[in-house]
Amino acid sequence: MTSPEPSSAGNFVREIVAQDLQAGKHGGGVVTRFPPEPNGYLHIGHAKSICLNFGIAREFGGICHLRFDDTNPTKEEVEYVEAIQDDVRWLGFDWGDKMFYASDYFARLYQYAVHLITQGKAYVDSLSADEMRAYRGTLTEPGKASPHRTRSVADNLDLFARMKAGEFPDGTHVLRAKIDMASPNINLRDPVLYRIRHAAHHRTGEQWSLYPTYDYAHPLSDAIEGITHSICTLEFEDHRPLYDWVVEQAGAPCHPRQIEFARLNLTFTVMSKRKLLELVEQGHVAGWDDPRLPTLKGLRRRGYTPEAIRAFCEHIGVAKRDGIVEMALLEHFIREDLNRRALRVMAVLRPIKVVIDNYPEGQVEQLEAVNNPEDPGAGTRLVPFSRILYIEQEDFREVPPPKYFRLTPGREVRLRYAYIVTCVGVVKDPATGEVVEVHCTYDPETRSGGPQAQRKVKSTIHWVSAAHALPAEVRLYEALFSKADPGDVAEGREYTANLNPHSLERLTGCVVEPSLADAPSGSRYQFERQGYFCVDPDRAAGGLVFNRTVPLRDSWVKIEKARQDG
RNA sequence: UGGGGGAUCGUCUAGUGGUAGGACGUCAGACUCUGGAUCUGACUACCUAGGUUCGAAUCCUAGUCCCCCAGCCA
C-alpha cells in the first residue's frame, strides 16, 4: 500500500526534531519561533519559514512563537509589526499569547553582556569601523588584535556602563566578544555584540542608546524563550559556532539547536527585501500590496488563498540545496484550489457586439447556469439572454487559422447555457475595415436542455447580454520580470532592466454578467474560459474592478504560439 | 587562493548498501455545453574518475562545479 505523502513529509528538519525528541533532548518538548525583523513586508519566502516553524510545532505537539527581531531601531517600524501579524494570521497560523520582541529582553541581554565582560569574554573596543575592518584580516589572512583587546575588566565595565548611559556618540565604541582573531571563520574574529545608536526605537523609545546585534540577541532571545529548535536560512550556517558560543558563554538557561535550510527562490520574481523595497520606492510597482509582488499582501490582493500558499509550501519541501522553484508550481496550487471553490461567471474582457438577427427584439430569457461544476452544492443562477450580446473579440475570426474552433462566418458555435448560433455576416467600420459587429442566427431548438441541445458543435463560447451587462475594469497581470532569473543582466546593468513592461494591463471596457453587481471586495470567481479573478479593493471607489489571479491553462494559446514560432 | 555548505529528471523533492519514486512541467490521446477540470499514456536524472562490495545515488579516495562569509544589517 502506497500512501501519497507530500514530498516534504520526510524533510531533514522534521527528522532532526524527531530524533532529538526521541533522544529526550531539549526537555522532550518542541518550541520553534518565526523571528521576522519588522523592517519590511512578508513575502512567500517567509511563508515557507512560517509553514515550517508553525508546522513542526503543531506536528510535534509543541508551540511556535512569533518574535520580532527588533534590534536595529534605524530600520524598524510599527507599520511593519502590524502588517506582519496580519499576514501570519491571514496565512492561517496562531501564536496564541506567544508574541514577543527581542526588545523585551534588552535589560536581560545587557546583564548577560556584563556577565561576559566580567568573565573576560567581551571587551569594549574603540576602533573606528574602518579600522576594525582592517584589523579583521581577510578571508585568507588572520586578523590582528585591537589595541583595546586587553582592557581591564574594570575599564570595560565602566566604558560599557557609560555607553549605556549615552555618554558617547554613535560609532565611538562597541562591545565585542573576545573569541579568536585568527579564526578561519570570520564570524568568530571578535564579533560586535553591541553598538551605540542614539535612535528612537519603535517600542523602547529613547530608553537605550546602545543596541545588541543579531549575533548576540538572537541566540539569547531563543534561549530565554526556551526555543528548542531555531530554524533559519543557509547564510547563517557559519554563524552557528557563534550562536553556540554566545549561548554557552553567557550561561543561558538552555541551548536551542540551530538548523539551517535553503530559502525559497521563485522564477520571474525577486525575493530580497532590498529589491522589494526598491521596486516599491522607485515606483516600479504601486505599493507593498501590488498584485505583481510576491509579498503576502500582494498575493492576497492578487487573489491567492492562504490554502494555496500553504499547499505550495508543503510541496516544495525543505532541504539544504539552494534552487529556484518554477512560478508554474505556485500557479498550479492556486488553480487547484480555485478550481474547487470559485464560482463560475461570464465576463467579456474585450467585447465585440453580436446581434442575433432572428431573435425577437425586446425578448429576454433567464437561463440557468451552473455556479461550479466541481461543486454541485454551489447551485445555479439565472443569466439574462437577449438579442444583442457581447462576446470576446478573440472568439470571432473572419478568417480562421487552422484548428480554430470558435465563431467564424458560416460556422456554428454554442453560446454557453444558451443557443447554438451560426455566423451569417459581419459589419465593418468603413474607414478601418475592422469588424465591429457580428451577425448570427440562432436555432430555438438548441437551447440548453432543449430537444436539439445535444447537437455537437466545435466549441462553446461565453457571452454577456448587452442590455444587462455591468461595466468593469479588469487588470491583467503577468510576471513582474521577463526573465526567469531577473539577475541575469548584461554587465553593468541592473535587475530592473528585466522588468516586464507588460506586467500590468488595464482593460476598462469590460462587461460582466449582472450577478456580479454586489460582488464584495476580495471575492473570487472564475471567468469562464479565461481565468480566476478577484474583486479589487479599488471597487470601493465606484465601479467593479477585478484582478486576474491566474489565467486558466489554455491549450489554444499553445497551438497559436507553436504556429507563430513556426 | 581561508572557512562553511551543496550537487538526483527542465524545475522542486524522495531515497540512508538491494527494482531510482512523486509533484510540477512538456508532448500525445480520451472526454467535455469552459480549448478549463478530469482520465490515460509517454518524456527526461544519480557532477566526474577511480575504489570497496555479490550489489553503490548511498561507503572510501581524488577531482569538478555552484552557493555563503571580510556590516557597528538581519
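Below, chain A is the first sequence line, B the second, and so on; all start at residue 1.
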Is there a donor on the side chain of A:Glu374 or the base of B:U38 sitting less than 3.5 Å from an acceptor on the other?
-> no
Would you kindly check if the NZ (Lys) or CZ (Arg) of A:Lys275 is within the cone defined by 45 degrees around the ring axis of A:Tyr495 and under 6.0 Å from the six-membered ring centre?
-> yes
Within the pair A:Arg195 and B:C73, is there a side-chain N or O less than 4.0 Å away from OP1 or OP2?
-> yes
Please say whether the positively charged group of A:Arg151, taken as NZ for Lys or CZ for Arg, lies over the ring of A:Tyr123, i.e. under 6.0 angstrom from the six-membered ring centre and within 45 degrees of the axis.
-> no
OP1 or OP2 of B:C73 sitting under 4.0 Å from any side-chain N/O of A:Thr71?
-> no
Measure distances between side-chain N and O atoms of A:Asp554 and base N and O atoms of B:G35, and say whether any donor-acceptor pair falls under 3.5 Å.
-> no
For A:Lys320 and for A:Asn72, find the nucleotide of RNA chain B with the closest heavy atom, then tell me which residue's nucleotide is more 5'.
-> A:Lys320
Per atom distances to the A:Glu15 side chain, the nearest of B:U34, B:G15, B:C24 is B:G15
Report yes if a donor N or O on one partner sits less than 3.5 Å from an acceptor N or O on the other, where the partners are the side chain of A:Glu260 and the base of B:G5; otherwise report no.
-> no
Any N/O donor-acceptor pair, A:Arg321 side-chain to B:U8 base, under 3.5 Å = yes
Within the structure shown, what part of the strands sits under 4.0 Å from A:Ser128 by heavy-atom distance: base, sugar-phosphate, or nothing?
-> base
Where the side chain of A:Arg197 is concerned, which of B:U34, B:C73, B:G35 is the nearest nucleotide?
-> B:C73
According to a strict under-4.0 Å criterion, is A:Lys558 in side-chain N/O contact with OP1 or OP2 of B:U26?
-> yes
Is there aromatic stacking of A:Tyr214 against B:A74, centre distance under 5.5 Å, plane angle under 30°?
-> no
Could you check whether A:Glu237 gets within reach of a base, just the sugar-phosphate, or nothing at all, counting any heavy atom under 4.0 Å?
-> sugar-phosphate
